[in-house]
Amino acid sequence: MDLSNIIIMRNELSLIVVVLLLLMAEIFSSKNARYMLLNVATGLFALHTILGFLPAETGELFGGMYRNTPLIILMKNVLNIGVLVVLFQVQGWLKKPENNNRSLEFYLLTFSTLMGMSYMISAGDFLMLYLGLELATIPIATLAAYDVYRMKSTEAGIKLILLAALSSGIMLYGISLIYGTTGSLYFNEVMGNLQMNPLQILATVFFISGLAFKISLVPFHLWTADVYEGAPTNVTGYLSVISKGASVFVLITILFTVFKEMSDAWQPLLIVMAVVTMVVGNLFAIRQQNLQRFLAFSSIAQAGFILLGMISGTTYGMATVIYFILVYVFSNLAAFGVVSIVKNATGKDNIDDYNGFYSTNPMLSMVMLLALFSLAGIPPLAGFFGKFFLFAAVAEQGMYWLVLIAVINTIVSLYYYLLVVKAIFVVRVDNPIEPVKGEFLARVGLVITVIGILVIGIYSPIFEWVQALSFGL
Amino acid sequence: MIEGVGVTEFLVVSTIMFFIGIYGFVVRKNLITILMSVELILNSVNINFVAFNKYLYPDLLQGYMISLFVIGIAAAEAAVAIAIILNVYRNLQGIDIEHINTMKH
């Protein structure tokens, strides 16, 4: 057996090496050395991230079950950077006394889920896709329930695992119908055998609804708010950015390759879901008081915008979605970074608590301002260009009414993002949050996200590069 | 192959099982029963895969293989879910879904 071309799987292999090293280190290290291991783990992952940017081989493995294209490598790099920023932000929380003994578990579980996501994105076969999806989901439930003694955290975990199991069951039922009608699980063979018969349309709908759970599209969004509020702040950031981004990548590659011939079936479905998701996410976000819950509904609304790019069904639409995810990773992680620093220091996470935040913490306030403006889509920032390209992809198809609905929703979203900005900058109170200072690495993470928000918007070759890669799929 | 039983009969059984699972997931109040409903859904998928493989594509193995993987992953999922359910029990002295509403607004 020739194993020389297994190097195509380099990204996953290096992640496995990191996980195994950390497992061994946890077993053989003394209690005092574990404190150091956190930095070692972050360093190893930083190495892994850098390794991802070296030129990589593309191709197929295991008879087409695993494939790597330049676009897939780009997707994995985006996820790697996002996870690295999450690891920077998580330091303050993991160094708390109650987490001291088991902080390495956080790294192991996070890396396992990331590995699942990589396999899921690279899948060339429904079996591989399912395995990756489960590997990406089950450890996240344990991460959400990480704060064992806090009921809210446990509640988030149980809601996540049960609904994830249900959604993957529904998705599997769709896959079984696809197998029954086409006689294969390989994407290449399924692609040629789809004829739009009713059973295959049912299978497509079941498959999309399974992934829609993960992306939290309406009507599959009900778990999002509770899980995001209950889970530890950094885990929420991970869930809303990395997990969601990976699922979007998978959904878009499968819709645009495997189910391409079925586009008459899924296009109306996606249009309805996009409109409902934007409207529901925005309307519920307005009345939220808890900042984590607020960001949950804002991320539901953002998922609605992401769907706009998929509706078009063109490579341009695909490029806009990937670019938007790149922007969304930085903007949302910046917001979660500020929230987690404040919550670790003071335990406060209501919007009212942030009244007068600017008078005591000007730097963190500015980061929050940039993040929220980027999420809302204010011109010089990256979020504006992300949304602009998405709308352009829809307008290209002649669906101007959909663009109109999306623009109205953007205005509504601007209102609730500005509510937070108003609390931070305009409202004056006698006892605002005292000056807080995050860990060194957490601040480095914030700097990375701010650079991302500013540079991606202004430096236009990035989008052209993404677009050039999208034609390769 | 069983005499007089075609693929349709298997599909009827698996579809009924699937919807019993969905119904149970929505209606039941006990966390363990909800987990059992999910297992029903996964097993209906397994019946589907095996029946399709046996009747429609007898020379393939993919259907059998994926059903084995589904069984394995269902076990892993149940293990994690039950661990979290135990934690719920420690916090609340009960596993009734009605009490898991600390974030109701």
Side-chain angles (χ1 to χ4, degrees), chain A residues 125-128 130-131 133-135 137-142 144-145 148-186 189 199 206 225-230 287-290 293, chain B residues 7 11 14-15 18 21-22 25-26 31 34-35 37-53 55-57 59-60 62-63 65-67 69-70 72-74 76-92 95 97 99-105:
Chain A
D125 172 275
F126 280 110
L127 176 56
M128 186 66 121
Y130 172 65
L131 290 177
L133 192 80
E134 288 298 329
L135 184 55
T137 308
I138 297 174
I140 284 190
T142 59
V148 188
Y149 301 108
R150 206 161 52 86
M151 184 51 206
K152 274 189 175 184
S153 179
T154 310
E155 188 179 332
I158 193 71
K159 281 180 177 166
L160 183 56
I161 186 86
L162 286 178
L163 285 166
L166 176 70
S167 74
S168 60
I170 293 174
M171 198 182 89
L172 266 177
Y173 199 81
I175 294 177
S176 78
L177 294 182
I178 291 171
Y179 180 65
T181 50
T182 63
S184 180
L185 290 170
Y186 287 95
E189 292 168 20
L199 206 55
F206 273 18
D226 281 358
V227 171
Y228 281 24
E229 186 188 339
R287 52 184 289 271
Q288 298 309 320
Q289 266 308 306
N290 181 297
R293 211 174 169 87
Chain B
V7 69
L11 290 190
S14 81
T15 312
F18 180 78
I22 300 265
F25 190 91
V26 176
L31 284 175
I34 292 176
L35 196 61
S37 310
V38 173
E39 298 289 322
L40 268 185
I41 294 174
L42 292 176
N43 282 329
S44 78
V45 171
N46 282 340
I47 293 180
N48 253 2
F49 272 118
V50 174
F52 280 138
N53 212 40
Y55 283 88
L56 302 181
Y57 314 105
D59 46 340
L60 292 179
Q62 294 180 26
M65 290 312 292
I66 197 167
S67 61
F69 277 101
V70 171
I73 287 178
E77 218 156 33
V80 172
I82 287 175
I84 301 177
I85 291 174
L86 273 178
N87 207 11
V88 172
Y89 183 78
R90 277 195 205 126
N91 276 311
L92 292 179
I95 49 170
I97 197 106
H99 300 130
I100 308 183
N101 56 3
T102 48
M103 283 177 280
K104 210 169 181 180
H105 291 290

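A note on names: the letters A, B, ... follow the listed sequences, proteins ahead of strands, and every chain is numbered from 1. Note: hydrogens, waters and symmetry copies are ignored here, and every other heavy atom, side chains too, is used.
The distance from the CG atom of A:Asp226 to the NZ atom of A:Lys159 is 3.5 Å, given to the nearest 0.5 Å. If you take CG on A:Leu133 and OG on A:Ser167, they are separated by 7.0 Å, rounding to the nearest 0.5 Å. In this structure, the separation between CE on B:Met65 and CG on B:Leu60 is 13.0 Å, given to the nearest 0.5 Å. Separation of atoms CZ (B:Phe52) and CG (A:Leu177) is listed at 5.5 Å; rounding is to 0.5 Å. Separating the CG atom in B:Leu92 from the CD atom in A:Glu155 is a distance of 8.5 Å, to the nearest 0.5 Å. Distance check, rounded to the nearest 0.5 Å: CG of A:Leu135 to CD1 of A:Ile140 gives 10.0 Å.
Side-chain N/O atoms of A:Thr154 and B:Tyr89 include no donor and acceptor closer than 3.5 Å.
Ranked by heavy-atom pairs under 4.5 Å with chain B, the list A:Ile170, A:Leu160, A:Ile138 is led by A:Ile138. Per-residue heavy-atom pair counts under 4.5 Å with chain B were compared for A:Ala165, A:Ala225, A:Ala141, A:Gly230, and the maximum is reached by A:Ala165. Looking only at heavy-atom pairs under 4.5 Å with chain A, the residue among B:Val70, B:Ile34, B:Ile97 that has the most is B:Val70. The residue among A:Asp125, A:Thr142, A:Val148 with the most heavy atom pairs within less than 4.5 Å of chain B is A:Val148. Comparing A:Ala164, A:Ser168, A:Ser184 by heavy-atom pairs within less than 4.5 Å of chain B, the highest count is held by A:Ser184. Interface summary for chain B: among A:Gly157, A:Pro139, A:Ala156, A:Gly183, the most heavy-atom pairs under 4.5 angstrom belong to A:Gly183.
Residue B:Ile82 forms a side-chain contact (heavy atoms from CB on, under 4.5 Å) with just one option from B:Leu35, B:Asn87, B:Leu31, and that option is B:Leu35.
The parts of B:Ile100 that come within reach of chain A are both its backbone and its side chain, each placing non-hydrogen atoms under 4.5 angstrom from that chain. Only the side chain of B:Phe25 comes within less than 4.5 Å of a heavy atom in chain A; its backbone stays farther off. There is no contact between B:Val7 and chain A, counting heavy-atom distances below 4.5 Å. In this structure, the portions of A:Ile175 lying under 4.5 Å from any heavy atom of chain B include both its backbone and its side chain. Both the backbone and the side chain of A:Leu131 come within less than 4.5 Å of a heavy atom in chain B. Contacts of B:Val88 with chain A are made by both backbone and side-chain atoms, with heavy-atom separations under 4.5 Å. With a 4.5 angstrom heavy-atom cutoff, A:Thr181 touches chain B only via backbone atoms. Heavy atoms of B:Ile66 lying under 4.5 Å from chain A belong to its backbone as well as its side chain. Of the atoms belonging to B:Ile41, it is side-chain heavy atoms, and not backbone ones, that fall under 4.5 Å from chain A.
You'll find the side chain of B:Asn53 stays beyond 4.5 Å of the side chain of B:Gln62, heavy atoms only.
In summary, the aromatic rings of B:Phe18 and A:Phe206 are positioned with their centroids under 6.0 Å apart.
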